[in-house]
Number of protein chains: 2
Amino acid sequence: MSHELEQEKSKQACKIMDELDLDVWLVWVRETSQMADPVLELILGADLVWQSALLYSRNGEKVAIVGNFDADGIKSTGVFDKIVPYTQSITEDFLTELDRLAPKNIGINFSTNDVTADGLSVGMHMLLKEMLKDTKHIDVLTSAEALIGKLRGRKVAGELTRIEKAVEITERIFDESQQFVRVGLTELQVYDFFHQRMREYGVSSAWYEDHNPAVDAGPNKQFGHSGPTDSKLKSGHLLHFDFGVKYEGYCSDIQRMFFLGSELEVPEEIKTAFQAVNDAITAASEFVKPGIKGHEADAVARDLVKERGYEEYQHALGHQLGRNAHDGGTLLGPLWDRYGETPNGIVEEGNVFTLELYVSTENYGQLSLEEDIIVTSTGCRFLSQRQLELVYID
Amino acid sequence: MSHELEQEKSKQACKIMDELDLDVWLVWVRETSQMADPVLELILGADLVWQSALLYSRNGEKVAIVGNFDADGIKSTGVFDKIVPYTQSITEDFLTELDRLAPKNIGINFSTNDVTADGLSVGMHMLLKEMLKDTKHIDVLTSAEALIGKLRGRKVAGELTRIEKAVEITERIFDESQQFVRVGLTELQVYDFFHQRMREYGVSSAWYEDHNPAVDAGPNKQFGHSGPTDSKLKSGHLLHFDFGVKYEGYCSDIQRMFFLGSELEVPEEIKTAFQAVNDAITAASEFVKPGIKGHEADAVARDLVKERGYEEYQHALGHQLGRNAHDGGTLLGPLWDRYGETPNGIVEEGNVFTLELYVSTENYGQLSLEEDIIVTSTGCRFLSQRQLELVYID
């Protein structure tokens with residue numbers, strides 16, 4: 001089981017630390033099969049059972065202090081230069097290594113803004129403070145949020161390839177579903193078809209599979225995070241999907257709209273809504289480039305749908321995509337309380353975002369689309385093949 | 001998708017709160033597909049995206065304050081009596097509900113001892129303290145560790161049935177493997193056989209699948225948490241497995257020893273070691289009953305192997321088994337620093353534990369077995385069919 005990607009991301013972490021003037025990054029974890037710090041899969045790809053201190057230095061050195069039973073597994077990842085196994089207590093070896101590195105600051109994984117940079121638990125934080133209480137290290141603990149945001153956000157080639165493959169499989173399943181979907185089926189039957197195809201392609205669910213894909217038939221279901229029901233698909237109704245797969249650990253996230261009828265039968269208000277959503281995605285995609293702030297991109301799309309007379313969508317225009325469907329870091333979102341500081345983040349080259357929004361029609365429920373993009377040096381490029389017209393199920 | 005078990009565990013939580021004199025339990029989470037508080041799968045079985053406050057009252061009332069997109073999904077679990085959806089900020093609704101409940105204490109999920117009771121992240125704790133800073137609630141926050149330990153530990157009928165089924169499938173795969181395992185195969189080929197069978201039975205891995213099953217051939221591999229390699233199975237060697245599956249969310253965890261040769265060829269030192277391990281498991285099983293402390297059971301087995309002249313095993317005799325292979329709460333372990341207070345916990349009726357230990361032979365590596373037990377009103381009962389002799393692969 002190769003850990004090339006995790007090795008590369010670990011090296012990238014040290015480079016970003018140097019850029020951010022961070023001396024040491026401490027990932028401090030235990031029993032990660034129960035609750036894993038979200039950075040672990042990005043930089044290690046292995047489980048740790050006993051209390052473990054992973055130390056990254058800006059000069060590139062990587063040291064793991066781990067339980068003796070964990071040592072072989074960690075060694076086999078090839079991520080660390082030095083592995084210090086312990087039997088009864090980690091404290092002494094941990095302090096020895098920390099003293100040797102003598103950092104002027106130590107990043108640890110907490111963040112009020114970003115769940116992917118908030119992997120340290122309260123109990124583990126208490127244990128850390130107890131171990132460091134008589135040392136100078138306790139005074140130089142700081143948040144590693146900026147490091148983690150950049151590390152997740154700046155996709156390396158191996159990550160982008162995996163996301164592209166996840167997007168490709170998602171689109172293939174959407175294509176195949178057009179032969180299956182028909183009036184009279186229930187949302188749950190359509191959901192089952194998607195899952196059968198996922199098993200066929202050997203991919204897993206990009207988020208909790210209860211509501212992946214979301215299958216929303218007809219006008220009465222508010223789109224969100226609820227699962228498919230036994231409601232039946234009816235002629236003349238819209239059918240909405242929100243669907244993402246995980247391929248070799250990396251996610252896609254795409255929304256599509258089907259119409260249960262022919263092109264000739266589509267009511268004007270659906271056409272107008274579809275155009276508004278698509279125009280907002282186009283406008284945002286033309287605006288996104290390195291250096292802008294997240295909320296600026298959101299505002300472009302939000303203003304457009306408001307100008308067209310629709311209520312604004314009650315979520316962010318776009319989130320990053322990677323190991324997670326919601327991959328943390330900079331958010332293309334409005335400056336709302338619940339998004340914290342993430343919409344003030346800067347968009348960088350190599351970031352992968354969703355662009356997604358809905359508008360509400362009067363008689364047909366919500367109309368929502370979602371595409372995936374990668375930020376290039378001068379703008380952005382669509383990873384998904386845009387849905388530029390409704391899918392008609394005749 | 002039925003949530004009967006989660007509904008039952010949620011009701012059980014309120015009863016245990018009353019027993020522990022805890023007025024309110026607050027589960028405070030966000031973006032749980034990235035990092036989930038380990039209690040969520042036990043009491044909810046659904047994802048939450050926005051900041052969410054789940055409030056349990058000792059009088060049985062259960063209130064969820066969740067983002068508007070999450071509301072339908074949470075409602076469909078049937079766990080909560082009242083759901084309060086919000087759009088931009090949770091603060092006002094959260095404080096209103098908390099004021100109404102007027103608790104004299106509020107349990108939150110942090111623990112230095114037990115990872116399964118330590119689901120609150122540092123960033124979320126900061127946000128909570130900020131929200132409560134001008135209220136009296138901030139002074140009555142306390143750890144919910146005791147509640148969570150008892151809630152996880154006291155298995156209800158539906159949980160025990162699932163664990164028994166997981167154990168049964170694990171044993172069936174071990175049985176089937178006897179037809180497949182032979183000299184000349186690699187550890188990885190044996191590993192692949194187990195995974196093919198797991199897919200066949202529709203079960204997933206009880207822990208990180210990299211090292212599940214652990215397949216350890218020959219004398220030179222220290223048992224632990226490392227994965228299978230391309231080492232070949234050789235005649236006259238021992239073959240060790242550590243294997244667990246997850247069936248409908250509940251785990252088994254069993255170790256077995258094969259010998260690559262006939263019964264007549266087994267060296268004396270292997271026989272003696274096998275007997276010592278088995279006798280230690282027997283002695284511990286005869287000792288375990290409600291009311292004892294975890295470390296007392298560990299000492300029974302540990303003393304026995306030391307009396308037989310072996311070095312003591314470098315781990316705990318037994319951990320609880322449930323939603324996780326390491327299910328937290330009371331540990332049948334020695335009073336070592338890294339186990340915190342967990343070996344001082346009290347064994348209760350309905351707890352499911354592993355009993356596992358190894359001894360080291362001089363020429364054949366380690367010999368390790370692991371069985372699963374349930375604590376009854378007067379003692380314990382084996383859930384696994386004990387391995388009382390080596391499996392011979394001729």
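Order of the sequence lines sets the chain letters (A, B, ...), proteins ahead of strands, with each chain counted from 1.
No other option in B:Met124, B:Glu41, B:Met35, B:Arg30 has as many heavy-atom pairs under 4.5 Å with chain A as B:Arg30. Between chain B and the residues A:Trp207, A:Trp336, A:Tyr86, the most heavy-atom pairs under 4.5 angstrom are made by A:Trp336. The candidate with the highest count of non-hydrogen atom pairs below 4.5 Å against chain B, out of A:Pro334, A:Ala206, A:Gly45, A:Gly67, is A:Gly45. Comparing B:Ala46, B:Ser33, B:Ala36 by how many heavy-atom pairs each has under 4.5 Å with chain A, the most go to B:Ala46.
Within a 6.0 Å radius of CD in A:Glu92, other residues, nucleotides and ligands contribute 12 heavy atoms or fewer.
For A:Asp114, the part lying under 4.5 angstrom from a heavy atom of chain B is the backbone only. With a 4.5 Å cut-off on non-hydrogen atoms, B:Thr116 touches chain A through its side chain but not through its backbone. Heavy atoms closer than 4.5 Å to chain B are found in both the backbone and the side chain of A:Ser121. For B:Asn113, the part lying under 4.5 angstrom from a heavy atom of chain A is the backbone only.
Residues B:Gln314 and A:Trp50 approach most closely at O-CH2, 3.4 Å, considering heavy atoms. The shortest heavy-atom contact between A:Met126 and B:Thr112 is CB-CG2, 3.8 Å. In this structure, B:Val122 and A:His125 approach most closely via the heavy-atom pair CG2-CB, 3.6 Å.
If you take CD on A:Gln51 and OH on B:Tyr339, they are separated by 11.0 Å, rounding to the nearest 0.5 Å. We find the NE2-CG distance between A:His315 and B:Asn68 to be 10.0 Å, quoted to the nearest 0.5 Å. Atom CZ in A:Arg199 sits 13.5 Å away from atom CZ in B:Arg199 (nearest 0.5 Å).
Under the salt bridge (Lys or Arg N to Asp or Glu O under 4.0 Å) criterion, A:Glu312 pairs with A:Arg302, sequence neighbours left out.
In terms of modelled atom types and a separation under 3.5 Å, the side chain of A:Asn324 and the main chain of B:Gln34 share no donor-acceptor contact. Judged purely by atom type and a 3.5 angstrom limit, B:Tyr208 has no side-chain atom pairing as donor or acceptor with the backbone of A:Thr32.
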Criterion side chain to side chain contact (heavy atoms under 4.5 Å, CB included) on B:Asp337 and A:Gln88, from CA distance to verdict: CA-CA 6 Å; B:Asp337 193 15; A:Gln88 296 207 359; 5.7 Å; no
